[in-house]
Protein chains: 2
Amino acid sequence: MAPEAIRSPERRRDNRDPGPLLGSLVGYAVRRANNRIMTDLGICLAPLGLRPATFAILATIDAHPGIIQAGVGAILGIQRANLVPLLSELAGRRLIERRPAPHDNRAQALILTATGKDLLHEASREVRMHEDRMLMQLDARDRETLVALLGEIGA
Amino acid sequence: MAPEAIRSPERRRDNRDPGPLLGSLVGYAVRRANNRIMTDLGICLAPLGLRPATFAILATIDAHPGIIQAGVGAILGIQRANLVPLLSELAGRRLIERRPAPHDNRAQALILTATGKDLLHEASREVRMHEDRMLMQLDARDRETLVALLGEIGA
DNA sequence: TATTGTTATACTCTATAACTATA
DNA sequence: TATAGTTATAGAGTATAACAATA
């Protein structure tokens with residue numbers, strides 16, 4: 001009865017369908033979108049000597065001048081131990097400075113240098129172009145909806 | 001003029017705001033959602049001896065019986081070289097079988113064993129519960145919207 | 001020539017434990 | 001005792017190059 005010829009049993013060459021199970025999972029759609037975004041973002045930032053993680057760190061310090069390392073880790077979901085080599089890399093390139101924190105001698109207050117600000121602003125332009133390219137199919141309202149819905153996941 | 005006391009300048013303890021730059025990026029929202037989903041998914045699958053990657057492989061083979069390794073890699077975005085140890089792990093546990101492919105002596109056709117199907121179905125129940133938990137705040141229409149919008153990213 | 005599966009290798013990201021110095 | 005920064009280390013995930021067998 002079933003006209004199996006219509007669905008071309010196992011011969012589709014451009015088949016990227018993961019099947020009904022994965023195809024119905026929001027988590028799978030999020031993962032695929034994340035992969036595409038991160039791959040493209042990495043390519044955009046590479047010429048500036050940055051990666052997604054180091055870009056995010058610079059942006060966070062810029063938004064919170066004097067923030068301590070643990071604060072950056074809490075915001076970005078990076079563990080203190082894993083933050084150390086990333087910050088050392090940025091400090092070694094004179095993009096950030098580690099200064100003694102005012103009221104806590106254990107902590108280091110982080111600030112961007114003038115060079116760091118310049119590089120961040122240059123990277124921001126690249127990232128905004130990257131976003132516009134990735135979201136070409138979506139208007140401003142779609143993008144707001146997307147951010148709002150994504151923010152509800154796991155909340 | 002600006003009543004700065006309202007926004008409590010630099011003293012919010014529960015502050016997870018990454019700042020105006022990252023906060024406005026869809027990519028950042030996707031990344032955070034992906035992290036929350038993957039962390040929870042990993043916890044759900046661990047008792048079954050599976051990870052997100054091995055679960056996705058089982059689901060893909062179940063949807064495409066007889067698919068060859070390169071096909072699985074193309075669907076899931078996993079490179080052939082990285083697929084080998086994953087498939088060896090699954091074959092070692094007798095969850096899948098590698099059989100000579102009918103029309104191509106280079107390729108291996110992959111199928112689920114009865115044990116593999118049982119484990120996949122058990123894992124599927126766990127994953128659906130995981131999804132319902134992660135998407136608790138979203139109704140069916142929101143979820144469809146989310147999948148549709150995510151599918152347009154990078155297209 | 002191109003493709004499939006495979007091995008080897010390296011690099012990034014992430015996770016944990018332990019140490020020090022401060023609080 | 002708890003926290004901040006640090007070191008060391010191990011595990012995933014991902015990337016490339018090269019090879020043998022086959023198309």
Side-chain angles (χ1 to χ4, degrees), chain A residues 13 28 30-32 34-43 45-46 49-57 61 64 66-92 96-110, chain B residues 13-14 28 31-32 34-43 45-46 49-57 61 64 66-92 96-110:
Chain A
R13 285 290 167 235
Y28 185 73
V30 171
R31 178 184 171 276
R32 287 202 68 93
N34 188 63
N35 285 353
R36 288 193 294 265
I37 291 170
M38 285 304 162
T39 299
D40 190 78
L41 181 61
I43 292 171
L45 291 174
L50 293 176
R51 285 154 290 155
T54 46
F55 168 73
I57 291 169
I61 296 174
H64 302 281
I67 191 173
I68 67 173
Q69 298 187 187
V72 175
I75 289 175
L76 296 179
I78 303 175
Q79 305 200 22
R80 297 191 314 272
N82 296 329
L83 212 49
V84 174
L86 296 172
L87 293 174
S88 295
E89 174 189 337
L90 295 174
I96 67 170
E97 278 183 18
R98 297 194 237 215
R99 296 180 175 176
H103 289 41
D104 190 335
N105 288 3
R106 299 170 299 180
Q108 311 248 33
L110 304 173
Chain B
R13 287 288 167 234
D14 58 340
Y28 184 73
R31 178 183 171 277
R32 288 204 67 96
N34 189 62
N35 285 354
R36 287 192 295 264
I37 290 170
M38 286 304 161
T39 298
D40 190 79
L41 182 61
I43 292 171
L45 291 174
L50 294 176
R51 285 153 291 156
T54 47
F55 167 73
I57 291 169
I61 297 174
H64 303 282
I67 192 173
I68 67 173
Q69 297 187 188
V72 175
I75 289 175
L76 296 179
I78 303 175
Q79 305 201 21
R80 295 191 315 276
N82 296 328
L83 212 49
V84 174
L86 296 172
L87 293 173
S88 294
E89 174 188 337
L90 295 173
I96 67 171
E97 277 182 18
R98 299 194 236 214
R99 295 179 176 178
H103 289 40
D104 190 335
N105 288 3
R106 299 170 300 181
Q108 311 249 34
L110 304 174

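Naming: A, B, ... by sequence-line order, numbering from 1 per chain. Note that these values count all heavy atoms, side chains included, but never hydrogens, waters or copies made by symmetry.
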At 4.0 Å (heavy atoms only), tell me whether Leu83(A) reaches a base, stays on the sugar-phosphate, or touches nothing.
nothing
Measure from CZ on Arg31(A) to P on dA12(D) and round the result to the nearest Å.
17 Å
When rounded to whole Å, the CG to P distance for the pair Leu110(B) and dT4(C) reads 13 Å
Could you state the CD-P distance from Gln69(B) to dT7(C), rounded to the nearest angstrom?
10 Å
Please figure out whether Gln108(A) or Gly77(B) has its closest DNA chain D nucleotide nearer the 5' end.
Gln108(A)
Of all heavy-atom pairs between Tyr28(A) and Ile75(B), which one has the smallest distance, and what is that distance?
OH-O, 3.5 Å
Shortest non-hydrogen pair, Ala53(A) vs Leu86(A), comes out as CB-CD1, 4.5 Å
Base of dG5(C), side chain of Arg80(B) - is there a donor-acceptor contact under 3.5 Å?
yes
Separation of dA4(D) P from Ile67(A) CD1 (nearest whole Å)
12 Å
Taking the side chain of Asp104(A) as its heavy atoms from C-beta onward, which of dT7(D), dA15(D), dA23(C) lies nearest to it?
dA23(C)
In whole Å, what is the span from the CZ atom of Phe55(B) to the C1' atom of dA12(D)?
19 Å
Can you identify which nucleotide, out of dT6(D), dA4(D), dT6(C), has its nearest atom closest to the Arg98(B) side chain?
dT6(C)
Between dA23(C), dT7(C), dG5(D), which nucleotide gets closest to the side-chain atoms of Ala81(B)?
dT7(C)
Can you measure Met38(B) atom CE to dG11(D) atom P for me and round it to whole angstrom units?
22 Å
Can you give me the closest heavy-atom contact between Leu83(A) and Ile57(A), atom names plus distance?
CD1-CD1, 3.9 Å
In whole Å, what is the span from the CG atom of Leu50(B) to the P atom of dA12(D)?
14 Å
Mind calculating the distance between CD1 (Ile78(A)) and P (dT16(C)) to the nearest angstrom?
16 Å
With Asn34(A) as partner, the option from Met38(A), Arg36(A), Arg32(A) fulfilling side chain to side chain contact (heavy atoms under 4.5 Å, CB included) is Met38(A)
Please figure out whether Pro85(A) or Ala53(B) has its closest DNA chain D nucleotide nearer the 5' end.
Pro85(A)
From dT14(D), dG5(C), dA8(D), pick the nucleotide closest to the side chain of Asn82(B)?
dT14(D)
Distance below 4.0 Å between Gln79(B) side-chain N/O and dA15(D) OP1 or OP2
yes
Nearest to the side chain of Arg51(B) - dG13(D), dG5(D), dG5(C)?
dG13(D)
For Arg98(A) against Ser88(A), the heavy-atom pair lying closest together:
NH2-OG, 2.7 Å
Indicate whether OP1 or OP2 belonging to dA23(D) is found under 4.0 Å from a side-chain N or O atom of Asn105(B).
yes
